[in-house]
Amino acid sequence: MPRYNPATVEPKWQAYWEEHQTFASPQMPTGEKLYALDMFPYPSGDGLHVGHPEGYTATDIVCRAARMQGKSVLHPMGFDAFGLPAEEHAIKTGEHPRIQTEKNIDTFRRQLKMLGFSYDWSRELATTDVEYFRWTQWIFLQIYDTWFDEQQQKGRPISELPIPDEVADAGADAVREYRDEHRLAFQSFAPVNWCPALGTVLANEEVIDGKSERGGHPVERRPLRQWMLRITAYASRLESDLEFVDWPESVKALQRNWIGQSIGAEVDFYLGSEEDWSLRRPVHKFPRKPGDDVLRIYTTRPDTLFGATYIVIAPEHPFVERLTTAENAAAVKKYCGQAAAKSDLHRAELAKEKTGVFTGSFAINPANGERIPIWIADYVLISYGTGAIMAVPAHDERDFEFAKQYEIAIKCVVKPGEKVSHGELQRILAGVQVYAAHGTAINSGEFDGLPTAEFKRKITESLAARGLAREAVNYKLRDWLFSRQRFWGEPFPVLHELDDAGNPTGRVRAVDEADLPVDLPHLEDFKPHGRPEPPLDKAPDEWLYPVIDGIRYKRETNTMPQWAGSCWYYLRFLDTNNSKAAIDPTIEKAWMPIDLYVGGAEHAVLHLLYARFWHKVLYDRGVVSTPEPFQKLINQGMILGENNEKMSKSRGNVVNPDSVVKEYGADSLRLYEMFMGPLEATKPWSMEGVNGMFGFLGRVWRMIIDDRSESIALNLAVCDDEPTEEAQRVFHKTVKAVTEDIAKLSFNTAIARMMEFTNYFTKLDRRPRAVLEPFVLLLAPFAPHIAEELWRALGHEKTLAYEAWPIYDDDVLAESTVEIPVQINGKLRGKITVPADADAEEMEKIARNDAQIAPLLEGKQVTKKIVVPGRMVSFVVKD
RNA sequence: GGCCGAGUGGCGGAAUGGCAGACGCUCUGGACUUAAAAUCCAGUGGGGGGUAACCCCCGUGCGGGUUCGACUCCCGCCUCGGCUACCA
């Protein structure tokens with residue numbers, strides 16, 4: 001009777017593991033440790049999709065194998081549970097988002113357990129747990145309490161910030177403001193997407209073409225007081241420390257790209273009319289902040305200074321008003337107003353045609369003393385560099401486009417190298433074609449003839465000596481807008497002081513650590529209150545207006561973004577239930593860093609960058625012991641639908657793991673997802689493929705179990721014979737391949753090797769237990785339920801989870817003879833069988849005498865021969 | 001436009017200088033069965049030759065190159081996918 005039936009086998013072993021706490025990790029590792037982590041999921045209402053178990057199965061295999069290899073394994077799971085959908089649901093139904101969130105978590109937990117992952121469930125956490133976000137708030141306070149020391153390239157306590165004398169002399173408020181300006185968490189005004197019709201602020205992804213995603217109402221951009229995190233301070237370290245982590249080069253490239261380091265120069269252009277203004281500069285040197293008499297620009301091509309024919313400043317540049325002459329005032333005002341109304345995205349979409357407006361003012365080019373016009377255009381961004389550029393239309397595509405549009409002079413100062421055709425060269429020299437690459441300087445006075453790289457260095461030095469420029473480094477990375485106008489997020493542990501009239505004084509007070517957590521308040525309902533301020537403005541007064549030492553405060557009503565919770569969950573897993581600290585330092589030292597982190601490529605930039613940033617702050621503040629959290633990273637590939645398209649509800653090609661498990665069992669699902677192809681590849685789903693894995697597990701079952709017996713009984717072929725030499729070889733080959741493939745995360749080939757083992761032994765009617773038992777152990781990480789059941793049937797009482805991993809012997813593997821290909825003139829012409837240890841001479845002799853080869857060599861002259869012992873023989877011949 | 005990745009049988013894939021297509025799916029034929037399912041056995045890149053064990057030719061997106069030998073390395077393209085987008 002007992003055919004392979006996962007429906008009975010799998011729940012049985014899941015219950016066993018849970019009852020025996022089989023996969024509980026030790027608090028501290030003994031011996032070698034492995035911390036393998038999955039990117040925890042957002043528990044959406046749809047439940048798990050088949051993409052989730054791909055990465056989860058991979059780490060599970062690694063962990064199960066590591067346990068059998070004697071390592072201390074930490075393998076936890078949790079939930080990134082804050083998020084918009086639960087809040088949207090709450091707005092619609094009035095039900096607290098926590099209720100919906102917990103329902104979804106229950107579904108996810110059930111599904112994860114159904115798949116037999118060896119998580120230590122006692123460490124489960126959700127970012128929405130009050131006891132968890134208590135420490136998220138605590139970390140925010142650490143960040144708030146930190147400033148970045150540029151000299152030391154290190155975050156330090158704000159109490160150690162040196163206060164300049166003039167600030168100290170200005171009094172306590174000035175000192176407080178000075179500190180606030182330097183904190184890694186600071187307040188700033190930033191535009192939000194305010195939708196008056198919905199009465200709420202929308203996230204960027206809820207705005208489509210300037211309209212709300214729901215209802216299509218118009219959305220305006222409005223500045224709002226927000227919290228920012230100074231991630232830019234860490235840009236250099238976030239960039240350079242990538243060198244030390246074992247990540248895919250593509251992900252490193254993505255992060256480097258996002259950080260976007262560029263090296264160039266800041267150059268001051270004089271705004272006044274004084275003839276020899278620059279003579280004053282060497283005395284003063286290049287000032288840290290430019291004065292009102294100059295416009296400071298950033299360029300990566302200081303070598304093109306002689307070709308700068310105009311200046312562009314961003315519409316938001318502080319000098320706009322000052323530089324605009326009376327006759328241009330109306331046009332400038334109109335232009336800047338339009339630019340402000342456009343979102344960044346919108347601005348980019350409309351970028352096909354460059355627009356701008358002339359201010360009426362001019363600036364002096366410090367390289368050649370030329371007077372050039374100053375324009376305003378939205379293709380220059382206020383948030384990058386100095387918000388002002390020198391435009392060199394001959395050598396920059398954007399400037400070229402703009403100059404053509406507004407008929408501004410185009411002056412070629414770089415002569416292209418040899419790669420350019422004659423016609424092109426003429427066009428470039430004439431200024432009718434743009435040339436952005438390197439070359440040789442022309443029309444650049446004393447610098448003529450210099451190659452670009454050298455020119456860059458020389459002119460920067462020369463201008464720097466005159467106090468007109470300096471080398472400068474810029475980053476594309478922006479400071480992190482860290483607040484959201486939402487209910488369902490972590491409250492900030494921050495209080496705003498109020499004066500007697502109830503208005504904010506601008507003084508901010510951090511909530512005492514002892515008073516954490518700051519829980520979310522009770523709200524009567526979750527409907528928008530119709531103002532751009534966050535929904536927590538609706539909170540009851542007892543929550544919103546605490547009084548401390550006789551001073552009345554208003555709580556911060558912004559909440560943290562969803563990223564916050566995922567920035568440090570990997571630390572909390574080490575010490576989940578610690579009520580005294582975020583994490584015990586001894587435990588942290590013992591388990592960190594994460595040895596294997598697996599997740600989707602969609603998190604290659606933001607999540608990983610944000611988490612690395614927090615980690616570095618915590619490192620600087622002595623909370624953690626490693627500079628980087630994620631030592632090795634792997635992105636699992638996307639699983640497409642059976643039609644080769646992205647899985648989505650609208651395409652109707654979503655595969656539900658519940659139904660797959662119901663029909664084939666978790667082991668087949670796990671095995672199939674690993675067999676589909678390389679972990680990192682994108683690959684399409686196939687139900688027939690799952691069925692194929694089910695068939696394989698059935699063959700494994702019948703190889704060991706007598707499926708015609710009424711009760712569980714071993715197949716009659718299972719015996720205590722000594723395995724034959726060939727059987728030994730097959731077995732050892734399997735052990736070696738599976739062991740090595742798991743280490744390489746090459747699970748598809750590991751499974752193929754186990755299939756070969758099964759094909760071989762199924763054909764035998766004497767199957768030695770001595771190889772079947774260790775085979776079951778090899779299979780266990782991939783298909784743990786059936787492996788446990790077979791292990792039990794083979795007469796073992798306990799779980800196999802901690803049985804010693806089989807070992808292989810290369811000597812057993814070695815065959816006495818090997819088959820070697822023989823090539824003539826590069827073509828395969830025959831095969832010879834030679835002793836495995838045959839030397840080159842012997843192999844050549846056998847090849848020459850081979851019945852296939854000999855006739856082909858007859859009468860020919862062998863001009864060259866290549867013999868690789870154990871590999872191949874190759875002859876080059878001519879008539 | 002930029003960056004990254006991928007193109008190998010009917011399909012998923014294997015081989016990362018040395019016998020292309022391991023392993024699985026599909027399909028075909030056979031065994032078992034009253035029959036079917038399940039299972040087991042055999043075959044399965046294309047073309048050609050031989051009674052036959054077998055043999056020959058072509059073949060890894062396209063065009064060049066390096067090499068005794070290239071799916072693999074180099075140069076130039078094409079196609080598809082992902083991410084990103086005026087960063088001076």
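Labels below follow one simple rule: chain letters A, B, ... track the order of the sequence lines, proteins then strands, and each chain is numbered from 1. As a basis for the values below, the full set of heavy atoms in this structure was taken, side chains included, without hydrogen atoms, waters or symmetry mates.
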> For RNA chain B, whose closest nucleotide is more 5', that of Val605(A) or that of Leu477(A)?
Replying inline: Val605(A)

> Under the 3.5 Å rule, do the base of rC86(B) and the side chain of Lys354(A) count as making a donor-acceptor pair?
Replying inline: yes

> Does a donor on one side chain and an acceptor on the other come within less than 3.5 Å for Tyr298(A) and Glu266(A)?
Replying inline: no

> Is a side-chain donor-acceptor pair under 3.5 Å present for Tyr4(A) with Ser668(A)?
Replying inline: no

> Taking the nucleotide of RNA chain B with the closest heavy atom to each, which residue, Ile824(A) or Thr386(A), is nearer the 5' end?
Replying inline: Ile824(A)

> Does Arg729(A) have any side-chain hydrogen bond (donor to acceptor under 3.5 Å, both in side chains) partners at least two apart in sequence or in another chain, and if so, which?
Replying inline: none

> What nucleotide among rC40(B), rC57(B), rA88(B) has an atom nearest to a side-chain atom of Arg829(A)?
Replying inline: rC57(B)

> Between rG12(B), rC58(B), rA88(B), which nucleotide has the shortest distance from any of its atoms to the side chain of Lys827(A)?
Replying inline: rC58(B)

>> Test of understanding: with side-chain hydrogen bond (donor to acceptor under 3.5 Å, both in side chains), list the residues that count as partners of Tyr672(A), not counting sequence neighbours.
In response: none

> Distance only, no hydrogens: is a donor on one side chain within 3.5 Å (strictly under) of an acceptor on the other, for Thr232(A) and Tyr475(A)?
Replying inline: no

>> If I take atom CG from residue Leu254(A) and atom CG from residue Asn635(A), how far apart are they, to the nearest 0.5 angstrom?
In response: 9.0 Å

> Is any side-chain N of the basic residue among Lys683(A) and Glu54(A) closer than 4.0 Å to the acidic one's carboxylate O?
Replying inline: yes

Show each protein N/O and nucleotides 44-47 of chain B N/O combination with a separation under 3.5 Å, one pair to a line.
none

>> Pairs counted only when both distances fall under 3.5 Å, Watson-Crick or G-U: show me the 5' to 3' dot-bracket for RNA chain B, [ ] for pseudoknotted crossings and | for other-strand partners.
In response: (((((((..(((.....[....))).(((((.......))))).(((((....)))))..(((((..]....))))))))))))....

>> Closer than 4.0 angstrom, basic N to acidic O: yes or no for Lys845(A) and Glu841(A)?
In response: no

> In B/S/- notation, 5' to 3', how is nucleotides 16-29 of chain B contacted by protein heavy atoms closer than 4.0 Å?
Replying inline: --BB--BBSSS---

> What interatomic distance, in whole Å, is found between C1' of rG59(B) and the corresponding atom of rC40(B)?
Replying inline: 34 Å

> Between rG30(B) and rU79(B), how far is it from one C1' atom to the other, in whole Å?
Replying inline: 44 Å

Side-chain donor-acceptor contacts of residues 865-876 of chain A below 3.5 Å, not counting sequence neighbours, with atom names and distances?
none

> Less than 4.0 Å between a side-chain N and a carboxylate O, is that true for Glu740(A) and Lys736(A)?
Replying inline: yes

> For Lys252(A), does the NZ atom sit with more than 12 other heavy atoms under 6.0 Å from it, leaving out its own atoms?
Replying inline: yes

>> Taking the C1' atom in each of rU67(B) and rC73(B), what is the distance between them to the nearest angstrom?
In response: 10 Å

>> As a test of the definition: with a 90° window around 0 for syn, would you call rG59(B) syn or anti?
In response: anti

> For atom P, what is the distance between rG82(B) and rU16(B), given to the nearest Å?
Replying inline: 29 Å

> Within the structure shown, what part of the strands sits under 4.0 Å from Thr863(A) by heavy-atom distance: base, sugar-phosphate, or nothing?
Replying inline: nothing

> Looking for any heavy atom pair under 4.0 Å, which part of the strands does Pro678(A) touch: base, sugar-phosphate only, or nothing?
Replying inline: sugar-phosphate

